[in-house]
Amino acid sequence: MPGTVIIGAGFAGICMAIRLRRASIEDFTVYEKADDLGGVWRDNTYPGAGCDIPSMLYSYSFAQRADWSRVYPEQHEILRYLHECARKFGIRAHLEPGTEVYAARWDEIAEVWRIETSRGTATARVLVSAVGQLNRPRYPDVPGLDSFAGTAFHSSRWRHDHDLADRTVAVIGTGPSAVQFVPRIAARVRRLYVFQRSANWVVPKPDRAYGRVAHRVFRRIPPARTAVRAAIYLRGETAVYWAVRGNLGARRLARHAARRHLAAQIADPALRARLTPDFPIGCKRILISADFYPTLTRDNVELVTEPITEITPSGPRTAAREFPVNTLIHGTGFLATEFLRPMEIVGRDGVRLHDVWREGAAARLGMTVPRFPNLFLLYGPGTNLGHNSIVYMIESQVAYVVRRIRDGRVHEVGAAEYEADRRALAAGVAGTVFGAGCTSWYKGADGRVTTNWPWHTYRYRWATRRA
Ligand code: NAP
C-alpha cells in the first residue's frame with residue numbers, strides 16, 4: 001500500500017514527488033491519466049504555446065536551469081525541463097501513466113483512502129490532488145456546436161494531423177492561448193476569422209534569446225540566475241501586484257503601456273476602438289504579445305466582434321452574417337472553477353466534496369477541506385495568481401504537505417478555520433480588480449471569484465510555513 005497517492009504529473013505533481021523523495025519518503029505513487037507526464041505543457045501543443053512568466057522564474061527553485069533558450073521559452077522546452085527533472089530526481093519509477101482516478105473514499109475505520117482507478121483499486125493514507133485548474137477544455141456555449149461539418153478542435157487538443165494550409169478557419173476566443181496561436185497560423189491559412197467576445201489588455205512581450213555569454217554566466221555564476229529570478233519575482237510583487245490590487249498609479253501605468261502598444265501596432269482607429277477593453281486592467285489575465293495586433297491587420301485576417309448566435313454545419317453565424325469555414329478552433333479556455341471534477345471524492349460521514357462545494361470551491365489555504373482527512377490539494381481554490389509565478393505557490397504548498405506527511409498523523413482542518421479562511425479570501429478578493437466587470441475563468445457560474453489568491457505570494461508562503 002503506498003503511503004501517498006498523488007493524482008496528476010504536471011508541475012505540481014512532479015514537485016510533490018521530488019520533495020517526498022528528498023525527504024526520504026519513497027512509499028508514494030503518481031497516477032497520471034495521460035500516457036506521460038507534463039500536465040498543461042503536455043496538453044497544450046498548439047503553435048506558439050508558451051508561458052507568459054519568464055522561465056527563469058517559472059521553474060523549480062531547486063532545479064534552476066542555466067540554458068533556457070530565451071526569456072519566454074515555448075512549450076516544448078518547458079516540457080523537456082519537466083522530463084529532465086523527473087529523470088534527475090528519479091520520479092519515473094513512481095509514475096503510473098495511463099491511470100485515471102475515478103473516485104476516492106475515506107475509510108474511517110482503517111483511516112485510509114480507498115481509490116478507484118481505470119486500472120483497479122488502491123489504498124493510501126494520504127491523497128494529494130495535483131490536477132490543477134486548467135486541465136478540462138471549455139467549449140463555447142453556443143447553439144449548434146456539434147452540428148459543424150468541418151474539422152473542429154480545442155486549442156489544448158490541437159489536431160496536428162489537420163493541415164491548415166489554404167483552409168478557411170474560424171478561431172473563437174482571444175485569450176492567452178489564442179493570442180499565441182493566431183499569429184502562428186495566420187500566414188498558413190487562406191482566410192482567418194477571429195471571433196472576439198471581449199477585447200483584452202495586451203502589453204508588449206519583452207522576449208529575447210539568451211546568447212552564449214548569458215548561458216555561460218548563468219552556468220558559472222549561479223547567483224546570477226538567482227538574481228534574475230529575484231528581479232522577475234519582485235517586479236511581479238510590485239508593479240503587477242499593485243495594478244491588480246487596484247492601486248491607481250500602477251493601474252494607470254499598466255493601462256498606459258497597453259494603450260501605447262495598441263496605438264503603435266494598430267493604425268486604423270475603428271479597429272483600435274474594437275480592440276480597446278471596457279473593463280479595468282488586471283480584471284482578467286493581462287496578455288503579453290508582440291505579434292497578435294499586427295496579425296489582425298493582415299489582408300487574410302478579419303476580427304469579428306459581433307456575437308456568435310449559432311454554429312451551423314458550415315460555420316459560425318452572427319445576427320448579420322454567415323462565416324463558412326473548413327476549420328473551427330476553440331480558444332475558449334478551461335473549466336477552471338470545477339475543481340477536481342469529474343472525480344468523486346467522498347470524505348467522513350459519506351460527505352461528497354462536490355456537495356460541500358455546491359456554492360463554490362474553497363479550501364483552507366487552498367489545500368484542505370473539513371471532513372476530508374489527509375486530502376491535500378495543490379493549486380487548489382484560491383491559489384491562482386494574476387501577478388506572479390504559480391510555481392512559487394506550488395512549492396509553498398508542497399513544503400506544507402511534506403511536513404504534514406512526515407508528522408504521520410491524520411490531518412483534518414477544522415470547520416471554523418476553513419470558514420474564517422473562506423471569508424478572509426472573499427474579503428481579500430473584494431479588494432482586487434478580479435471581481436470587476438469582466439468575464440473570466442476566475443469566476444464561477446454565480447460570478448464569484450473562487451480561483452485566486454488576492455495578496456502577495458510571500459504572505460502565502462508565510463501562512464503555509466508551519467504544518
Ligand atoms: P481563457 O483565458 O478562458 O480565454 C477564453 C477566450 O474565449 C476568451 O477570449 C473568451 O471571451 C472567449 N470565449 C469563451 N466563450 C466564447 C463564446 N461563446 N464566444 C466568443 N468567445 C468566447 O482561455 P485561454 O486563452 O485558454 O487561457 C486560459 C488560461 O490558461 C490563462 O489565463 C492562463 O492562466 C493559461 N495560459 C497561459 C498562457 C501563457 O502563459 N501565455 C497561455 C495560454 C494559457 P471573454 O473574454 O469574453 O470571456
> Ring centroids only, cut at 6.0 angstrom: are W158 and F181 within range, meaning strictly under it?
yes
> Does either side chain, that of E395 or that of S61, offer a donor lying less than 3.5 Å from an acceptor on the other one?
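Present: a donor and an acceptor within the cut-off.
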> If you apply the rule side-chain hydrogen bond (donor to acceptor under 3.5 Å, both in side chains), what do you find for R167 with T327, and how did you get there?
CA-CA 7 Å; R167 309 253 189 193; T327 312; 4.7 Å; no
> OG/S55 to CD1/I78 distance, rounded to the nearest 0.5 angstrom?
4.5 Å
> Calculate, to the nearest 0.5 Å, the distance between atoms CG and CG belonging to D36 and L95 respectively.
7.0 Å
> May I ask you to say whether D52 pairs ionically with K205, meaning some side-chain N is under 4.0 Å from a carboxylate O?
no
> Return yes if a side-chain donor-acceptor contact under 3.5 Å exists between Y46 and Q180, otherwise no.
yes
> In terms of relative ring orientation, are Y193 and F195 parallel, tilted or perpendicular, with 30° and 60° separating the classes?
tilted
> Please confirm whether the ring centroid of H330 lies under 6.0 Å from the ring centroid of F153.
no
> Can you see which heavy atom on S147 is nearest to which on I311, and at what distance?
OG-O, 3.1 Å
> Taking all non-hydrogen atoms of both residues, which atom of A239 and which atom of A250 are closest, and how far apart?
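Result for this residue pair: O-CB, 4.0 Å.
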> Minimum heavy-atom separation for T295 to A186, with atom names?
CG2-CB, 3.4 Å
> Any heavy-atom pair between the side chains of V194 and L296 that's under 4.5 Å?
yes
> Contact between P204 and I288 at the side-chain level, heavy atoms closer than 4.5 Å - yes or no?
no
> Ring centroid separation for F434 and W453, is it under 6.0 angstrom?
no
> Evaluate D43 against R136 for salt bridge (Lys or Arg N to Asp or Glu O under 4.0 Å), listing each step before the verdict.
CA-CA 10 Å; D43 292 343; R136 294 174 60 223; over 6 Å; no
> Is the CZ atom of R321 crowded by more than 12 outside heavy atoms at less than 6.0 Å?
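Yes, because the 6.0 Å sphere around CZ of R321 holds more than 12 heavy atoms from other groups.
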> Does one side chain, of Q64 or S59, offer a donor that lies under 3.5 Å from an acceptor on the other?
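On atom types as modelled, these side chains do not qualify, holding no pair under 3.5 Å.
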> Charged N to carboxylate O below 4.0 Å: is that the case for K33 and E96?
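No.
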> Just by distance, no angles: are the side chains of D278 and T276 close enough, under 3.5 Å, to form a donor-acceptor pair?
no
> Atom CG of N388 and atom OH of Y233: how far apart are they, to the nearest 0.5 Å?
6.0 Å
> Got more than 12 heavy atoms from elsewhere within 6.0 Å of CG, D299?
no
> Any chance the rings of Y81 and W68 have centres within less than 6.0 Å?
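Yes, the ring of Y81 comes within the 6.0 Å limit of the ring of W68, centre to centre.
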> Are a donor atom and an acceptor atom from the side chains of R298 and N300 found within less than 3.5 Å of each other?
yes
> Run the salt bridge (Lys or Arg N to Asp or Glu O under 4.0 Å) test on E77 and R65 for me, step by step, so that the C-alpha distance in whole Å, both residues' side-chain angles and the decisive distance to 0.1 Å come before the verdict.
CA-CA 11 Å; E77 198 171 347; R65 198 166 173 254; 3.1 Å; yes
> With no hydrogens and no angle check, is any side-chain donor or acceptor of H354 less than 3.5 Å from a backbone partner on E338?
no
> Can you name the nearest heavy-atom pair linking P277 to A199, along with the distance?
CB-O, 3.6 Å
> Using the side chain to side chain contact (heavy atoms under 4.5 Å, CB included) rule, take F11 and I390 through it: C-alpha gap first, then chi angles, then the decisive distance, then the call.
CA-CA 9 Å; F11 245 104; I390 194 62; over 6 Å; no
> Around atom CG of D355, are there more than 12 heavy atoms from other residues, nucleotides or ligands closer than 6.0 Å?
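Count over threshold, so yes.
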> Can you measure from CZ (R159) to CG (L164) and round to the nearest 0.5 angstrom?
10.5 Å
> Rounded to the nearest 0.5 Å, how far does CG of L262 lie from CZ of R259?
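One finds 9.0 Å between CZ of R259 and CG of L262.
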> So, S396 and R461: side-chain donor and acceptor under 3.5 Å apart, yes or no?
yes
> Measure the spacing between CZ of F334 and CG of N135 and express it to the nearest 0.5 Å.
8.5 Å
> Given R42, which partner from the list Q75, H83, E32 fulfils the side-chain hydrogen bond (donor to acceptor under 3.5 Å, both in side chains) test?
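Testing each of Q75, H83, E32 against R42, the sole residue satisfying side-chain hydrogen bond (donor to acceptor under 3.5 Å, both in side chains) is E32.
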> Step through it carefully: locate the ring centre of Y460, locate the ring centre of Y392, and say whether they are under 6.0 Å apart.
no
> For residues A12 and V398, report the shortest heavy-atom separation together with the two atoms involved.
O-CG2, 4.3 Å
> Would you call D207 and R70 a salt bridge, using N to O less than 4.0 angstrom?
yes
> Around atom CZ of R191, are there more than 12 heavy atoms of other residues, nucleotides or ligands at under 6.0 Å?
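Atom CZ in R191 is packed in, count exceeds 12.
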> Any donor and acceptor pair, going by atom type alone, linking the side chain of E100 with main-chain N or O of R119 inside 3.5 Å?
no
> Any idea which heavy atoms bring S156 and P137 closest together, and the distance?
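It is OG-CG, 3.8 Å.
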